[in-house]
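What follows is a single structure, written as structure tokens, with notes after it.
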Amino acid sequence: MKEYLEKILTEALQKLNYAVKNIQFDKPKEEKFGDLSTNAAMLLAKELKTSPRKIAEEIINKLEYDNKLISKVDIAGAGFINFFISDNFYKDNLTTILGEKDDFGKSDLNKNKTADLEWVSANPTGPLHLGHGRGLCLGKAVANLLEWTGYKVTREYYYNDAGNQMNNLGKSVQARYMQLIDPDFPFPEDGYVGDYVKDIAKIIYDERKDSLKDSDDIDFFKKAGENYNFKLIRKTLDTLGIHHDTYFNESSLYENKIIDNILDEFKKRSLSYENDGAIWLKMDPDEGFQKDKVIVKSSGEPTYRLPDIAYHVDKLNRGYDLIVDIFGSDHGDTYKEVLYGVQMLGYDSDKIKVIIHQMVTFKMGDESVKMSKRSDNVVYLDDLVNDISPDATQFFFVMRGRNTHLDFDVALAKEQSEKNPMYYLQYAHARICGILRNADDNIPDHKNLDLKKIDPELIKSEDEIKLLKTLSRFPEEVESSAEGFEPHKIITYLNEVAENFHRFYHNNRVVDLENKELSKARLLICLATKQVFKNGFDIIGISAPERM
RNA sequence: GCGCCCGUAGCUCAAUCGGAUAGAGCAACAGCCUUCUAAGCUGUAGGUUACUGGUUCGAUUCCAGUCGGGCGUACCA
């Protein structure tokens, strides 16, 4: 529809010899201002130094349009041109929705393009906890959104099996193992204190008894811990319906000499230097960096920045059209350093989009618990999911814009009542399923309805038309959500659909044996609404229940 | 101190690259079930968009400053 309006408006402007860049069509907030409106006249007013209303009148006089599609065009306010789209357009849209089914809302905007989404990427030093939740659920929905606009998406997990933290895990496991033999064995000061470390030690002890008590093979304990933890992580991801296509091992960056090559490259370009036995990367103050950063410690180990830069170089070399990373705001500065490093090596970092989300506060009972990934009092994600269900976890983490500090009300997410915003949406879907079950019994031939045989004049109430209008917007809602990586917009939109559906339901009896033709027409509306819910739920990553 | 993010109804949040009278849900109040699920619907009330200035025909949106909160500011990731 927008394309059509753009076309006829451009034609009218050409006749007047006016040139406008970025013509916008917006959905006005109020119905009396039509279905779509443009501010083209206001944009012209500045250049032409005449009143916007006068220009709007000129444009309308030159405007040629199809009366079957557009019922009225008028001017309002400061010079908005408002278009009223005919009801028939929306009725025809039913055919589109019911024809495209699970594909309704998909676009080929990014057809034949590839995208790589890397997220979660938790180190296997322990199970996933609440601090991981938001990014994890956000990524699931974003991946779906990208697919809905045509991208072929690779879901990737950066597996960090090297470095300090893993050594620390090895030492922790060893200490817990030794404590099974000698309770006085000291635990490392900054070791991992979670109970899962004891579980790992117990498994090792059950298998090997005390045969390892004199061993200093930290790698053995490390590996045991890593395997155990990664199994836990994948299990949690599995219950949340998150599946990665590839796991990229950090250690491969060393094995393939990519790290060495990049180090050489930095040196060659005089971007790095040695000081105090460490290698530093020069950071440009004009880019907002306050000081240079260490990329190789004096111990010879790289800091996280170097492999991260190498990893992104590798991703760029793989040729994706879009590369997306998801991090919490606690990484807000460090990704900039990484991108800077990538740029300095001569790569175009524009393809890399970094999604940063703000931290989450969990409301549990009367207390609020802040949960960054480094928080001391750890609550495991599994416990939350078991407590409130995978759907509620997904929904509540994705419900709000990622730049807001999310307040996660655990009691509310758990509650199975009208207070819970997720149920408002799912209930609408279940309600439609109930109507369809009723129709199965009473109007058995409803399943093979032909829209062409339905008299469009039967659909005429305000509730019905409004619902159809809302449904027709779904594809553009998907596009705009995908553009900004903002799945919460889908929820906001579905809320509007639910609102309109519930009102329609309340005022219009669907299955009416006295009036089967009308029933059939309304059943089509129900089917289309159900489809939009289902597709929206698919994107945000929750189920579409048939009964509640 | 410096950098990034945020501040909208009592609470949690929306608001389409600057647009028309700032919208939902919950909570509050008043109604609606002999009819397909009342996890629903209808109505009322609730606001100086933190504050102060600026740019503009028009600012919640952009700019500057102030106040308040979050996250960073490591030879941790």
Side-chain angles (χ1 to χ4, degrees), chain A residues 22 24-30 32-33 37 39 42 45-46 51-52 76-80 82 121-123 125 160 163-165 168 190 275-280 288-291 293-299 301-305 307-308 328-334 336 356-359 361 363 370 372-374 399-409 412 415-424 426-428 430-439 441-442 476-477 480 483-484 488-489 491-492 495-496 498-499 501-503 505-507 509-512 519 522 526 547-548:
Chain A
N22 312 321
Q24 289 173 46
F25 290 95
D26 294 327
K27 185 178 93 68
K29 283 173 186 162
E30 282 200 59
K32 67 175 178 187
F33 297 128
S37 86
N39 60 352
M42 282 128 113
K46 197 172 273 179
S51 87
F80 292 98
N82 295 331
S121 300
N123 292 354
T125 55
N160 185 339
N164 224 352
Q165 301 195 354
N168 204 348
D190 49 357
N275 191 26
D276 293 340
I279 299 175
W280 297 69
F289 297 108
Q290 294 175 6
K291 51 182 178 179
K293 298 286 178 182
V294 171
I295 49 176
V296 180
K297 300 183 235 175
S298 52
S299 65
E301 284 175 295
T303 62
Y304 67 93
R305 290 180 194 94
D308 266 17
S329 67
D330 49 347
H331 290 247
D333 282 349
T334 63
K336 287 178 192 158
I356 298 287
H357 65 262
Q358 298 304 312
M359 298 285 111
T361 304
K363 215 167 107 188
K370 260 180 238 147
S372 77
K373 288 183 190 171
R374 289 169 220 188
M399 182 166 58
R400 305 301 182 198
R402 63 167 187 275
N403 255 339
T404 68
H405 301 268
L406 177 64
D407 268 322
F408 195 121
D409 187 334
L412 180 63
E415 188 154 352
Q416 309 216 349
S417 79
E418 74 282 359
K419 288 182 188 172
N420 186 329
M422 181 175 72
Y423 286 91
Y424 187 68
Q426 289 189 324
Y427 177 63
R431 207 174 209 186
I432 295 171
C433 293
I435 297 169
L436 294 174
R437 282 191 295 270
N438 180 19
D441 298 338
N442 293 305
E476 35 189 292
E477 293 288 340
S480 82
E483 197 184 344
H488 81 277
K489 285 190 174 177
I491 292 179
T492 308
N495 215 58
E496 210 181 312
E499 201 180 312
F501 172 74
H502 285 308
R503 191 184 308 110
Y505 168 89
H506 192 261
N507 295 334
R509 175 82 198 177
V510 177
V511 178
D512 179 2
S519 296
R522 288 181 175 165
C526 289
R547 294 171 197 270
M548 286 171 75

- request: Sequence neighbours left out, what passes salt bridge (charged side-chain N to carboxylate O under 4.0 Å, His left out) with A:Glu418? Give chain and number order.
  value: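 Salt bridge (charged side-chain N to carboxylate O under 4.0 Å, His left out) list for A:Glu418, sorted by chain: empty.
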
field: By salt bridge (charged side-chain N to carboxylate O under 4.0 Å, His left out) - contacts of A:Arg400 (at least two apart)
entry: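 Once residues adjacent in sequence are excluded, A:Arg400 has no partner under the salt bridge (charged side-chain N to carboxylate O under 4.0 Å, His left out) criterion.
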
At under 4.0 Å between heavy atoms, what does [X] touch on the DNA or RNA strands: base, sugar-phosphate, or nothing?
X: A:Gly401; answer: sugar-phosphate
X: A:Leu412; answer: nothing
X: A:Ala430; answer: base
X: A:Asp409; answer: nothing
X: A:Gln416; answer: base

Nearest to the side chain of [X], heavy atoms from C-beta on, is which of [options]?
X: A:Tyr304; options: B:A74, B:C75, B:A77; answer: B:A77
X: A:Met548; options: B:C5, B:A77, B:A39; answer: B:A39
X: A:Asn39; options: B:C13, B:C76, B:G19; answer: B:G19
X: A:Ala76; options: B:C75, B:C36, B:A20; answer: B:A20
X: A:Lys489; options: B:A20, B:C75, B:A15; answer: B:A15
X: A:Gln290; options: B:G1, B:C13, B:A74; answer: B:G1
X: A:Pro28; options: B:A20, B:A38, B:C76; answer: B:A20
X: A:Asp26; options: B:U16, B:C5, B:C13; answer: B:U16
X: A:Ser329; options: B:C71, B:C36, B:A77; answer: B:C71

message: Should A:Phe80 be counted as stacked on B:A20, where stacking needs a ring-centre gap under 5.5 Å and an angle between planes under 30 degrees?
response: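 Stack criterion met.
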
Determine whether any donor atom in the side chain of [X] lies under 3.5 Å from an acceptor atom in the base of [N], or the reverse, and answer yes or no.
X: A:Asn82; N: B:A20; value: yes
X: A:Ser37; N: B:A20; value: yes
X: A:Ser298; N: B:C75; value: yes

field: Anti versus syn assignment for B:C33, with syn defined as within 90° of 0
entry: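 In terms of base orientation relative to the sugar, B:C33 is syn.
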
For [N] and [X] - does any side-chain N or O of the residue sit under 4.0 Å from the phosphate oxygens OP1/OP2?
X: A:Lys291; N: B:C2; result: no
X: A:Tyr505; N: B:A38; result: yes
X: A:Arg503; N: B:U42; result: yes

[X] [atom1] to [N] [atom2]: how many Å, rounded?
X: A:Ile435; N: B:C36; atom1: CD1; atom2: P; value: 10 Å
X: A:Met42; N: B:U56; atom1: CE; atom2: P; value: 17 Å
X: A:His331; N: B:A74; atom1: NE2; atom2: P; value: 15 Å
X: A:Phe501; N: B:G40; atom1: CZ; atom2: P; value: 13 Å
X: A:His502; N: B:G40; atom1: NE2; atom2: P; value: 6 Å
X: A:Lys336; N: B:C2; atom1: NZ; atom2: P; value: 16 Å
X: A:Asn403; N: B:U61; atom1: CG; atom2: C1'; value: 14 Å
X: A:Arg522; N: B:U35; atom1: CZ; atom2: P; value: 18 Å

- prompt: Relative to the 5' end of RNA chain B, which residue comes earlier, A:Arg547 or A:Lys27, by the nucleotide with the nearest heavy atom?
  reply: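 The residue closer to the strand's 5' end, by nearest nucleotide, is A:Lys27.
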
query: In terms of the nearest nucleotide of RNA chain B, which residue is placed more toward the 5' end: A:Arg402 or A:Pro302?
result: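 Mapping each residue to its closest nucleotide by heavy atoms, the 5'-most match is A:Arg402.
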
- request: Would you kindly check if the NZ (Lys) or CZ (Arg) of A:Arg431 is within the cone defined by 45 degrees around the ring axis of A:Tyr505 and under 6.0 Å from the six-membered ring centre?
  value: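 Verdict for A:Tyr505: a cation-pi partner in A:Arg431.
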
task: Tell me, please, which residues at least two apart from A:His502 pass ring-ring contact (aromatic ring centres under 6.0 Å, His included).
output: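 Partners of A:His502 by the ring-ring contact (aromatic ring centres under 6.0 Å, His included) criterion, ordered by chain and then number, come out as A:Tyr424, A:Tyr427.
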
- prompt: Just by modelled atom types, is the A:Glu415 backbone N or O under 3.5 Å from a matching donor or acceptor in the A:Asn420 side chain?
  reply: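 Such a contact is found between A:Asn420 side chain and A:Glu415 backbone.
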
- prompt: Where the side chain of A:Thr303 meets the backbone of A:Val294, is there a donor-acceptor pair that is under 3.5 Å apart?
  reply: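 Side chain of A:Thr303 to backbone of A:Val294: a pair is present.
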
message: When the C1' atoms of B:U8 and B:G69 are compared, how many Å lie between them, rounded to an integer?
response: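 That atom pair is separated by 15 Å.
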
query: C1' atom, B:G10 versus B:G19: distance in rounded Å?
result: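 Comparing C1' positions in B:G10 and B:G19 gives a spacing of 30 Å.
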
Would you tabulate the pairs of protein nitrogen or oxygen atoms and nucleotide nitrogen or oxygen atoms of nucleotides 23-34 of chain B closer than 3.5 angstrom?
unit_1, atom_1, unit_2, atom_2, d
B:A24, O2', A:Asn495, ND2, 3.2

Collect all protein-nucleotide pairs involving nucleotides 66-69 of chain B in which both atoms are nitrogen or oxygen and the distance is under 3.5 Å.
unit_1, atom_1, unit_2, atom_2, d
B:G69, N2, A:His405, NE2, 2.9

message: Counting only heavy atoms from other residues, nucleotides and ligands, does the tally under 6.0 Å from CD of A:Glu483 exceed 12?
response: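 12 or below, so no.
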
- prompt: Among A:Val296, A:Asn275, A:Ile295, which one satisfies side chain to side chain contact (heavy atoms under 4.5 Å, CB included) with A:Trp280?
  reply: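 Per the side chain to side chain contact (heavy atoms under 4.5 Å, CB included) rule, the option paired with A:Trp280 is A:Asn275, out of A:Val296, A:Asn275, A:Ile295.
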
- prompt: Would A:Asn168 and A:Asn164 count as having a side-chain donor-acceptor pair, cut-off 3.5 Å?
  reply: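 Judged by distance alone, the side chains do not pair up.
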
task: Give RNA chain B the dot-bracket treatment, 5' to 3': Watson-Crick (N1-N3 with N6-O4 or O6-N4) or G-U (N1-O2, O6-N3) under 3.5 Å, [ ] crossing, | other strand.
output: (((((((..((((.....[...)))).(((((.......))))).....(((((..]....))))))))))))....

